[in-house]
Amino acid sequence: MTNEFQKIIKSAPPSTPVAVIGLSEVPNAGDHFMAFPSEKQARDIALKRKLIKIEEERNSSKGASLDDLYNRIHEGEIQDVNIILKTDTTGSSEAVKASLIKLSNDQVRVNVIHASAGAITESDIMLASASKAIIYGFNVRPSSQIKAKADLEHIEIRLHRIIYDLIEEMEDALKGMLKKEEVEIVTGQAEVRELIKISRVGIIAGSYVTSGVIKVGEKVRLLRDGIIIYDGKIASLRRFKDDVKEVKEGYECGLTIENFNDLKQFDIIEGYEMKVKE
């Protein structure tokens, strides 16, 4: 620590200008210096305040959202809409990417900053967070862990199974005509642990419910490596030898999917329902 004459000093009374070197980070204008009896105490308090600041910044920073996209474009806040695209096949990826880019106009440019085939991953969430992008999934699904990560980072994931619906949604968002969104509520997931073949019945999936609840007759999709293989309904559900209406998280069950037998070990069966977002 030196004074205005560049002389080293050990203490400075009020109203004394000083230059301080040896800090681990450059402070901002207006920051306060506080003295503590020990270096350890000072480091502990500085670390706690730094973590609080990081958490506040994380909570205050939000990724791009279709709901307020038109207003932000109209107010001149953004001229580029960044999109990360994940699809079931490379062919789908190229087709959807080309259609999205064509939506660019004089006011805003649609940028597909990353497009590839495969499941939505943590690296996609990190890229979306850094670039303030919207993630679009076509015939793919994020795992529950990836969805939780996206929610934590305030990243919006939009999922579609029809290319026309995906393109129309983005086009409406750019025009400010976005309709009430029909959102999907995941009711439960089960992992296929064993396959049992029974004559006259077909393939029974010996499964373990990993989250939520699985119900007879509910809509389900079959996921394999994050890709949607089939969309249908639960045809039957059993616990041991008894038919049951539902099986909750943490329990095993045997189930069949209506009009579908091509099950494999470690497939994920995901139950869901659709509701209009208020």
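Numbers for residues simply follow the sequence, beginning at 1. Because only heavy atoms are used, hydrogens play no part in the values below, and waters and symmetry mates are left out as well, while side chains stay in.
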**More than 12 heavy atoms from other groups under 6.0 Å of OH on Tyr251** = no
**Request:** State plainly whether the residues Asp44 and Lys48 are in salt-bridge range, i.e. N to O under 4.0 Å.
**Result:** no
**Asked** Does a sphere of radius 6.0 Å around CD in Gln41 hold more than 12 heavy atoms from other residues, nucleotides or ligands, not counting ones at 6.0 Å or beyond?
**Response** yes
**Least distance between heavy atoms, Leu103 atom then Ile167 atom** = CD1-O, 3.9 Å
**Message:** Please find the pair of heavy atoms, one from Ile229 and one from Arg224, that lie closest to each other, and give the distance.
**Reply:** CG1-CB, 3.5 Å
**Test: Glu184 and Lys219 ion pair at under 4.0 Å** = no
**Item:** Nearest-0.5 Å distance that lies between atom CD1 in Ile125 and atom NZ in Lys149
**Value:** 8.5 Å
**Message:** Looking at Glu273, I want to see if its CD is surrounded by more than 12 non-hydrogen atoms of other residues, nucleotides or ligands under 6.0 Å.
**Reply:** yes
**Request:** To the nearest 0.5 angstrom, please state how far the CD atom of Gln265 sits from the CD atom of Glu194.
**Result:** 8.0 Å
**Complete:** The single option from Arg141, Arg221, Gln189 that satisfies side chain to side chain contact (heavy atoms under 4.5 Å, CB included) with Ile268 is Gln189
**Asked** Members other than Met34 in its cluster, when Ile, Leu, Val, Met, Phe, Trp, Tyr link by side-chain heavy atoms under 4.5 Å?
**Response** Phe36, Ile45
**Message:** Using a 4.5 Å cut-off between side-chain heavy atoms of Ile, Leu, Val, Met, Phe, Trp and Tyr, which other residues end up in the same hydrophobic cluster as Phe5?
**Reply:** none
**Asked** More than 12 foreign heavy atoms under 6.0 Å from CD1 of Ile198: is that the case here?
**Response** yes
